Amino acid sequence: MSFTCKSCNAPIIFAVTKNDRRIPLDVEPVAGGNILVTQGLNPSGTPMLFAEVVDPLSQPVTKPLYRAHLPTCSAREHRRTGPSGGVHVP
């Protein structure tokens, strides 16, 4: 199931990390991606996607890799301001 980014309207998918947090991902796998997405079931038996960050250079992966949506979000600048209005430097 795909969703739409509320900031830039791009199609995205959500996966759950090992820390049980949802992460938005670009919908298509990409060369240079670093997130392996697998399908599984949550504890209640609901199908969901799981995200695992991998280093394709040290751990060869034969499956498609995805990337987080935030670096590609065309409206991401609004997310870089801190609570005081200052800009965070990455």
Side-chain angles (χ1 to χ4, degrees):
M1 175 183 236
S2 67
F3 297 88
T4 302
C5 174
K6 291 180 182 178
S7 299
C8 71
N9 295 317
I12 58 173
I13 57 174
F14 282 98
V16 178
T17 68
K18 67 179 179 181
N19 296 324
D20 207 26
R21 298 197 54 155
R22 289 176 16 131
I23 181 173
L25 304 171
D26 288 340
V27 121
E28 297 294 328
V30 294
N34 69 335
I35 299 174
L36 178 64
V37 174
T38 56
Q39 294 183 0
L41 301 175
N42 70 9
S44 66
T46 304
M48 61 189 319
L49 298 175
F50 294 95
E52 177 186 352
V53 176
V54 296
D55 179 1
L57 298 177
S58 66
Q59 176 185 350
V61 179
T62 58
K63 296 181 180 180
L65 296 176
Y66 294 77
R67 76 174 149 213
H69 175 65
L70 185 58
T72 63
C73 181
S74 62
R76 73 180 188 265
E77 288 303 316
H78 78 280
R79 296 174 187 257
R80 292 182 184 229
T81 58
S84 64
V87 174
H88 292 280
V89 177

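These values consider heavy atoms only, across backbone and side chains, with no hydrogens, waters or symmetry-generated copies. Since the structure is predicted, the reported quantities are computational estimates derived from the model, not experimental observations.
- Interatomic distance, CG of L49 versus OG1 of T38, reported as 8.0 Å (0.5 Å rounding).
- In this structure S58 satisfies the side chain to side chain contact (heavy atoms under 4.5 Å, CB included) test together with D55, sequence neighbours excluded.
- Annotation: ring pair (Phe, Tyr, Trp, His ring centres under 6.0 Å) contacts of F50 (sequence neighbours excluded): none.
- Looking at every heavy atom in both residues, S74 comes nearest to C8 through OG-CB, 3.2 Å.
- Counting only heavy atoms from C-beta outward, the side chains of C5 and P24 never approach each other to under 4.5 Å.
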(message) Between L36 and K63, is the side-chain contact (heavy atoms from CB on, under 4.5 Å) condition met? List the steps.
(response) CA-CA 7 Å; L36 178 64; K63 296 181 180 180; 3.8 Å; yes
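- Contact record, A68 with T72: O-OG1, 4.3 Å, taken as the closest heavy-atom pair.
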Donor-acceptor pairs under 3.5 Å, side chain of residues 15-22 to any protein atom, not counting sequence neighbours: which ones?
{"unit_1": "T17", "atom_1": "OG1", "unit_2": "N19", "atom_2": "N", "d": "3.3"}
{"unit_1": "T17", "atom_1": "OG1", "unit_2": "R21", "atom_2": "N", "d": "3.2"}
{"unit_1": "T17", "atom_1": "OG1", "unit_2": "R21", "atom_2": "O", "d": "3.3"}

(request) Begin with the C-alpha distance, continue with both residues' side-chain angles, and end with the deciding distance and a verdict on side-chain contact (heavy atoms from CB on, under 4.5 Å) for I12 and T4. (result) CA-CA 6 Å; I12 58 173; T4 302; 5.9 Å; no
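- Linking ILVMFWY side-chain heavy atoms closer than 4.5 Å, directly or via other members, places V61 and V37 in two distinct hydrophobic clusters.
- Between H69 and L25, the closest side-chain pair of non-hydrogen atoms is not below 4.5 Å.
- Under the side chain to side chain contact (heavy atoms under 4.5 Å, CB included) criterion, N34 pairs with V53, sequence neighbours left out.
- For P29, the side chain to side chain contact (heavy atoms under 4.5 Å, CB included) partners are P64, Y66, not counting sequence neighbours.
- Listed by chain and residue number, R67 satisfy the side chain to side chain contact (heavy atoms under 4.5 Å, CB included) test with V30 (two or more places apart in sequence, or in another chain).
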